[in-house]
Number of protein chains: 2
Amino acid sequence: MKFSKQRELILDTIMKSDIHPTADYIYNSLKKDNPNLSLGTVYRNLAQLVENGFIHKVSMPNQSDRFDKNIKPHAHIICDVCNEVYDIDSSSIKCFINNLSSEHDVDISSYNIVFKGICKSCKKADLKI
Amino acid sequence: MKFSKQRELILDTIMKSDIHPTADYIYNSLKKDNPNLSLGTVYRNLAQLVENGFIHKVSMPNQSDRFDKNIKPHAHIICDVCNEVYDIDSSSIKCFINNLSSEHDVDISSYNIVFKGICKSCKKADLKI
DNA sequence: ATAGGTGCAAAGTCTTTGCGCTTAA
DNA sequence: TTAAGCGCAAAGACTTTGCACCTAT
């Protein structure tokens with residue numbers, strides 16, 4: 001993989017972000033200071049960064065894919081209230097997968113787990129009302 | 001919800017199928033005997049059937065949505081070898097979600113869980129080679 | 001009678017790709 | 001020098017929608 005300014009900017013955007021950005025978000029963030037950047041380039045680089053293990057792609061039901069700097073296997077929750085996506089990291093995931101593998105006699109190599117619900121801060125906010 | 005022949009056919013197709021069909025699959029299955037059926041009608045009815053709780057929609061990473069007659073919450077696995085989608089039903093899912101809810105202080109209302117891996121029959125087939 | 005459903009085709013959203021030019025190595 | 005990457009715009013895959021007509025109730 002040859003170095004490119006664009007790829008570096010894209011990776012940087014993801015690394016600095018906590019919101020699991022979409023391709024479009026990345027494109028628009030960078031477009032301001034890099035007016036020649038093209039959306040195709042963003043998609044091409046994201047695919048390559050995923051393929052090379054620098055980032056993870058998270059498929060969101062009925063929404064654009066998001067990209068995650070956290071490459072350790074983990075799940076996500078999207079909040080019904082604030083619409084933010086949060087990491088759900090848990091030792092119980094591993095255990096869960098082990099159970100499934102033996103119960104169902106399958107080999108699991110990867111997963112895409114997205115919960116819908118209400119996040120910690122929106123739960124708190126709701127209590128205050 | 002008013003009765004319609006088309007909706008009945010669509011629901012029937014899903015109920016009789018074990019493959020978690022896509023909109024396009026349903027459309028093409030029915031098109032043979034119902035040449036006037038339109039893909040828009042299939043999508044509209046699927047949305048309505050989901051909304052009314054007759055079926056479930058399953059979002060597959062990088063693929064068309066699939067529709068599931070099994071409306072009990074459960075997970076799925078897509079096989080890397082045969083590409084089939086199977087239900088993963090497990091008492092450990094409920095337990096897993098309970099753990100997460102308390103660990104992460106979130107309320108989980110629904111989920112879309114898709115594993116990738118090798119299914120039971122492909123594992124068996126592989127052993128024979 | 002009329003609210004809801006249909007077929008058709010156009011449009012929308014998200015993503016990929018072909019091509020000729022540019023650039024890192 | 002040259003393989004890899006870029007910008008641009010067109011195309012692709014999947015899904016939704018506007019509209020005029022039809023149909024269950």
Side-chain angles (χ1 to χ4, degrees), chain A residues 1-14 19-68 76 78 83 85 112 114, chain B residues 1-14 19-68 76 78 83 85 112 114:
Chain A
M1 196 163 46
K2 202 161 73 171
F3 168 88
S4 97
K5 184 72 197 294
Q6 288 88 338
R7 187 180 308 125
E8 190 177 55
L9 288 168
I10 291 163
L11 181 55
D12 235 52
T13 304
I14 297 167
I19 64 157
H20 304 80
T22 61
D24 197 61
Y25 175 93
I26 295 166
Y27 172 69
N28 284 301
S29 307
L30 293 174
K31 190 74 177 172
K32 292 159 197 157
D33 292 326
N34 307 270
N36 294 326
L37 180 67
S38 103
L39 186 53
T41 296
V42 173
Y43 274 105
R44 266 188 295 238
N45 276 296
L46 287 170
Q48 205 174 83
L49 289 167
V50 168
E51 193 164 344
N52 287 277
F54 292 99
I55 56 173
H56 252 205
K57 176 155 110 172
V58 185
S59 292
M60 305 299 298
N62 318 319
Q63 297 186 27
S64 304
D65 291 339
R66 289 167 174 264
F67 296 87
D68 196 339
H76 292 91
I78 179 161
N83 215 44
V85 174
N112 192 83
V114 181
Chain B
M1 196 164 44
K2 203 161 76 172
F3 169 87
S4 97
K5 186 73 197 295
Q6 288 88 336
R7 187 180 308 125
E8 190 177 55
L9 288 168
I10 290 163
L11 182 54
D12 235 53
T13 304
I14 296 167
I19 63 155
H20 303 79
T22 61
D24 197 62
Y25 176 93
I26 295 165
Y27 171 68
N28 284 300
S29 308
L30 293 172
K31 190 74 178 171
K32 291 158 197 158
D33 292 327
N34 307 268
N36 294 327
L37 180 67
S38 101
L39 186 54
T41 296
V42 174
Y43 274 105
R44 267 188 296 239
N45 276 297
L46 288 171
Q48 206 173 84
L49 289 166
V50 168
E51 193 164 344
N52 287 277
F54 291 100
I55 57 173
H56 253 203
K57 176 155 108 173
V58 185
S59 293
M60 305 300 297
N62 319 318
Q63 297 187 27
S64 304
D65 291 338
R66 289 167 174 264
F67 296 87
D68 195 340
H76 292 91
I78 179 159
N83 214 44
V85 174
N112 191 83
V114 180

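Proteins get letters first, then strands, A, B, ... in listed order; numbering begins at 1 in each.
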Legend entry - First encountered from the 5' end of DNA chain D, between A:Lys31 and B:Lys2: A:Lys31
Inset, instruction - Round to the nearest Å and state the distance from B:Leu30 atom CG to C:dT6 atom C1'. - result: 14 Å
Legend entry - Distance in angstrom units between A:Gln63 CD and D:dC14 C1', rounded: 16 Å
Legend entry - Euclidean distance, atom CZ of residue A:Arg66 to atom P of C:dC14 [Å, nearest integer]: 11 Å
Legend entry - Nucleotide D:dG5, atom P - distance to CG of A:Leu11 in whole Å: 14 Å
Legend entry - Distance, rounded to the nearest Å, where A:Ile26 contributes CD1 and C:dT15 contributes P: 11 Å
Inset, instruction - Assign each of B:Asp65 and B:Phe3 to its nearest nucleotide of DNA chain D by heavy atoms, then name whichever residue's nucleotide is nearer the 5' end. - result: B:Asp65
Legend entry - Closest-nucleotide ordering on DNA chain C, the 5'-leading residue of A:Ser64 and B:Met1: B:Met1
Inset, instruction - Look at A:Gln6 and D:dG7 and indicate whether a side-chain polar atom (N or O) is within less than 4.0 Å of OP1 or OP2. - result: yes
Inset, instruction - State whether A:Ser4 places a side-chain N or O below 4.0 Å from either non-bridging phosphate oxygen (OP1 or OP2) of C:dA24. - result: no
Inset, instruction - Please report the closest heavy-atom contact between A:Ser4 and A:Asn45, naming both atoms and the distance. - result: OG-OD1, 4.5 Å
Legend entry - A:Arg66 versus A:Ile19, closest heavy-atom pair with distance: NH1-O, 3.0 Å
Legend entry - Short side-chain to backbone donor-acceptor contact, B:Arg7 and B:Arg44, under 3.5 Å: no
Legend entry - Bending between helix ends of the helix from C:dA1-D:dT25 to C:dA25-D:dT1 [5 pairs per end, 10° resolution]: 30°
Inset, instruction - Give a yes or no on whether B:Gln63 atom CD has more than 12 heavy-atom contacts from other residues, nucleotides or ligands under 6.0 Å away. - result: yes
Legend entry - Considering all heavy atoms, the nearest A:Ser38-A:Tyr27 contact: C-CE1, 3.7 Å
Inset, instruction - Measure the CG-CG distance between B:Asn28 and B:Leu37 for me, rounded to the nearest 0.5 Å. - result: 9.5 Å
Inset, instruction - Calculate the interatomic distance between B:Leu9 atom CG and C:dT6 atom P; express it in whole Å. - result: 10 Å
Inset, instruction - Check the distance between C:dT16's C1' and A:Asp24's CG and give it to me in whole angstrom. - result: 15 Å
Legend entry - Those residues of residues 36-52 of chain A lying under 4.0 Å from DNA chain C by at least one heavy atom: A:Leu39, A:Gly40, A:Tyr43, A:Arg44
Legend entry - Where A:Phe67 and A:Asp65 come nearest, the two heavy atoms and their spacing: CE1-O, 4.0 Å
Inset, instruction - Start with the C-alpha gap between B:Asn62 and A:Lys57, add the side-chain angles, then the distance that decides, and say whether side chain to side chain donor-acceptor pair (under 3.5 Å) holds. - result: CA-CA 10 Å; B:Asn62 319 318; A:Lys57 176 155 110 172; 3.1 Å; yes
Legend entry - Length of the line joining A:Tyr27:OH and C:dT16:C1', which is rounded to integer Å: 15 Å
Legend entry - Residue pair B:Ile10 / B:Val42: nearest heavy atoms and the distance that separates them: CD1-CA, 3.7 Å
